[in-house]
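In what follows, a structure is listed as structure tokens, so that the remarks can point back to it.
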Number of protein chains: 2
Amino acid sequence: MKRNLSETCYDFFSTLANPTRLAVLELLRDGPKNVTDIANTLNQEQSMISHNLKPLERCRFIFSERRKKEHLYSLNKETMEPIFKTFVYHSKKYCPTRGKCLTADQLREQKRKDASGTIFVTH
Amino acid sequence: MKRNLSETCYDFFSTLANPTRLAVLELLRDGPKNVTDIANTLNQEQSMISHNLKPLERCRFIFSERRKKEHLYSLNKETMEPIFKTFVYHSKKYCPTRGKCLTADQLREQKRKDASGTIFVTH
DNA sequence: ACGATATATGAAGATTTTTTCATATAAGAG
DNA sequence: CTCTTATATGAAAAAATCTTCATATATCGT
């Protein structure tokens with residue numbers, strides 16, 4: 001199986017592919033937070049947040065810094081903002097129905113429109 | 001649990017979080033291919049490729065077009081190239097050891113360097 | 001209509017990932 | 001040193017996802 005990018009990408013994307021971790025990333029856009037704050041804000045157990053912070057930090061999507069007893073986690077905006085931006089652009093264009101991607105039927109309909117040359121430029 | 005972006009992002013990233021699907025996306029960077037070609041090139045069963053093409057198309061990471069009996073799948077470069085670009089940038093900067101993100105030890109060492117102000121700009 | 005080719009689908013078993021709970025570690029306050 | 005607070009860790013159960021195999025569908029050429 002041919003794998004160059006794909007092999008190295010897997011860890012990157014699988015770390016992002018989790019609702020809790022995405023919620024953490026989103027929360028950290030507002031600024032650094034400690035574990036307890038994150039857990040409280042997201043209404044999740046502290047251990048669950050810790051478990052999920054680990055892969056995020058390992059992938060360097062977040063950074064951590066000790067502040068007395070607590071650990072402050074902050075977003076790697078350099079990486080995450082472009083990622084979110086691409087996602088938002090994509091979902092506005094291709095998944096207009098509230099983030100959920102198109103259903104098979106909608107996709108077919110869209111394809112029909114595409115074929116009539118009105119909406120998309122083909123690649 | 002606070003969820004805005006996070007909720008809608010999950011489908012996007014979980015679709016990318018699979019080695020077979022990533023290999024398909026990478027392969028399609030070279031140009032459109034049909035299912036059998038993809039399966040042969042990646043040395044995977046045809047049914048496996050079909051199963052994996054479905055979520056990729058649903059998310060609009062790929063497009064499909066009928067060409068006689070075969071289905072030609074092509075990459076949504078508009079979305080995928082920026083995503084790959086961000087990934088490559090990120091992994092070069094933060095995961096220098098061939099795509100694998102840093103280990104805990106390496107991370108600690110890097111953090112030490114960070115603290116001494118030589119490598120990263122903090123966010 | 002028939003056979004061959006191309007692709008899709010369903011469902012089960014296998015595998016991976018997540019969640020939870022109990023507990024460990026670590027550091028500051030007194 | 002002990003108590004408290006903050007965070008991390010391990011392991012088992014639960015849940016989600018993948019893989020595989022058998023089979024269905026669809027189209028083309030004859």
Side-chain angles (χ1 to χ4, degrees), chain A residues 1 3 6-7 10-25 27-28 32-59 62-74 101 103-105 107-108 111, chain B residues 1 3 6-7 9-25 27-28 32-59 62-74 103-105 107-108 111:
Chain A
M1 181 142 130
R3 284 183 188 177
S6 34
E7 200 167 63
Y10 177 71
D11 202 40
F12 187 93
F13 291 117
S14 62
T15 297
L16 293 176
N18 175 290
T20 304
R21 291 195 288 272
L22 286 168
V24 169
L25 292 172
L27 181 59
L28 293 181
K33 301 236 176 324
N34 69 29
V35 181
T36 308
D37 283 350
I38 297 171
N40 290 340
T41 308
L42 301 182
N43 260 300
Q44 296 288 138
E45 297 213 349
Q46 172 268 315
S47 73
M48 173 156 191
I49 297 302
S50 278
H51 277 305
N52 281 294
L53 287 170
K54 191 158 51 179
L56 288 174
E57 186 175 18
R58 188 174 45 74
C59 279
I62 59 176
F63 305 116
S64 77
E65 183 192 350
R66 236 205 199 111
R67 195 110 202 215
K68 299 228 169 187
K69 253 185 294 190
E70 54 190 9
H71 289 193
L72 275 195
Y73 285 90
S74 60
C101 295
T103 65
D105 283 351
L107 201 56
R108 214 169 296 126
K111 207 173 294 175
Chain B
M1 177 140 134
R3 284 183 187 175
S6 33
E7 200 167 62
C9 274
Y10 177 71
D11 202 40
F12 187 95
F13 292 117
S14 62
T15 296
L16 294 175
N18 176 289
T20 303
R21 290 194 290 271
L22 287 168
V24 170
L25 292 173
L27 180 60
L28 293 181
K33 302 235 175 325
N34 70 27
V35 180
T36 308
D37 283 350
I38 297 171
N40 290 340
T41 308
L42 301 183
N43 260 301
Q44 297 288 137
E45 297 214 349
Q46 172 269 312
S47 74
M48 173 156 192
I49 297 302
S50 278
H51 277 304
N52 280 295
L53 287 169
K54 193 158 48 177
L56 288 174
E57 186 175 18
R58 188 173 45 74
C59 280
I62 60 177
F63 305 116
S64 78
E65 183 192 350
R66 239 210 195 106
R67 196 106 201 214
K68 300 229 169 186
K69 253 186 291 189
E70 54 192 8
H71 289 191
L72 233 38
Y73 286 89
S74 60
T103 65
D105 283 350
L107 201 56
R108 214 170 295 125
K111 209 174 292 176

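Below, read A as the first sequence line, B as the second, and so on, with proteins coming before strands; counting in each chain starts at 1.
- With rounding to whole Å, A:Leu72 atom CG is found 15 Å from C:dA27 atom C1'.
- Phosphate contact (OP1/OP2 of D:dA6, side-chain N/O of A:Arg66, threshold under 4.0 Å): absent.
- Look at A:Tyr10 and you'll find a side-chain N or O under 4.0 angstrom from OP1 or OP2 of C:dT17.
- When every heavy atom of B:Arg58 is checked against every heavy atom of B:Thr15, the shortest pair comes out as NH2-OG1, 4.2 Å.
- Listed nucleotides C:dT18, D:dC18, C:dT9 differ in distance to A:Asn18; the shortest reach to its side chain belongs to C:dT18.
- For A:Thr36, the listed nucleotide lying nearest its side chain is D:dA6; candidates were D:dA8, D:dA6, C:dT7.
- One interatomic measurement links the two molecules: CG of A:Leu42 to P of C:dT19, which rounds to 12 Å at whole-angstrom precision.
- In this structure, CD of B:Gln44 is placed 11 Å from C1' of D:dC18, rounded to the nearest angstrom.
- A residue-by-residue look at A:Asp37 and B:Met48 shows that A:Asp37 has its nearest nucleotide of DNA chain D further toward the 5' end.
- You can call A:His51 stacked on the base of D:dT9; the centres are under 5.5 Å apart and the planes sit within 30°.
- One interatomic measurement links the two molecules: CD1 of A:Ile38 to P of D:dA6, which rounds to 14 Å at whole-angstrom precision.
- The CG-C1' distance, from A:Asn43 to C:dT19, rounds to 16 Å in whole Å.
- Comparing D:dT5, C:dT19, D:dC21 by their closest approach to the side chain of A:Lys69 singles out D:dT5.
- Rounded to the nearest 0.5 angstrom, A:Cys59 SG and A:Lys54 NZ are separated by 13.0 Å.
- When all heavy atoms of B:Ser14 and B:Arg21 are compared, the pair lying nearest together is O-NH2, 3.2 Å.
- For the pair A:Arg67 CZ and C:dA27 P, the computed distance is 17 Å after rounding to whole Å.
- Judged by distance alone, with hydrogens and angles left aside, A:Gln46 brings no side-chain donor or acceptor close enough to the base of D:dA6 to form a pair under 3.5 Å.
- Looking at heavy-atom distances under 4.0 Å, B:Lys68 makes contact with sugar-phosphate atoms alone, never a base.
- When rounded to the nearest whole Å, the span between NE2 of A:His71 and P of D:dT9 equals 10 Å.
- For A:Leu72 against A:Pro32, the heavy-atom pair with the smallest separation is CD1-CB, 4.4 Å.
- Of the candidates D:dA8, D:dT19, C:dT9, the closest approach to any side-chain atom of A:Tyr73 belongs to D:dA8.
- Nearest nucleotide to the B:Glu45 side chain, out of D:dT20, C:dT19, D:dT7: D:dT20.
- Taking CG from A:Asn18 and OH from B:Tyr10, the interatomic distance works out to 7.0 Å, rounded to the nearest 0.5 Å.
- For A:Ser47, whose side chain is taken as the heavy atoms from C-beta onward, the closest listed nucleotide among D:dT20, D:dA8, D:dT19 is D:dA8.
- At least one side-chain nitrogen or oxygen of A:Lys54 sits closer than 4.0 Å to the OP1 or OP2 atom of D:dT9.
- The nearest whole Å value for the distance from the CG atom in B:Leu16 to the P atom in D:dT17 is 14 Å.
- Contact annotation: B:Asn52 side-chain N/O to D:dC18 OP1/OP2 distance is not under 4.0 Å.
- Taken from CD1 in A:Ile38 to OG1 in A:Thr20, the straight-line distance is 11.5 Å, to the nearest 0.5 Å.
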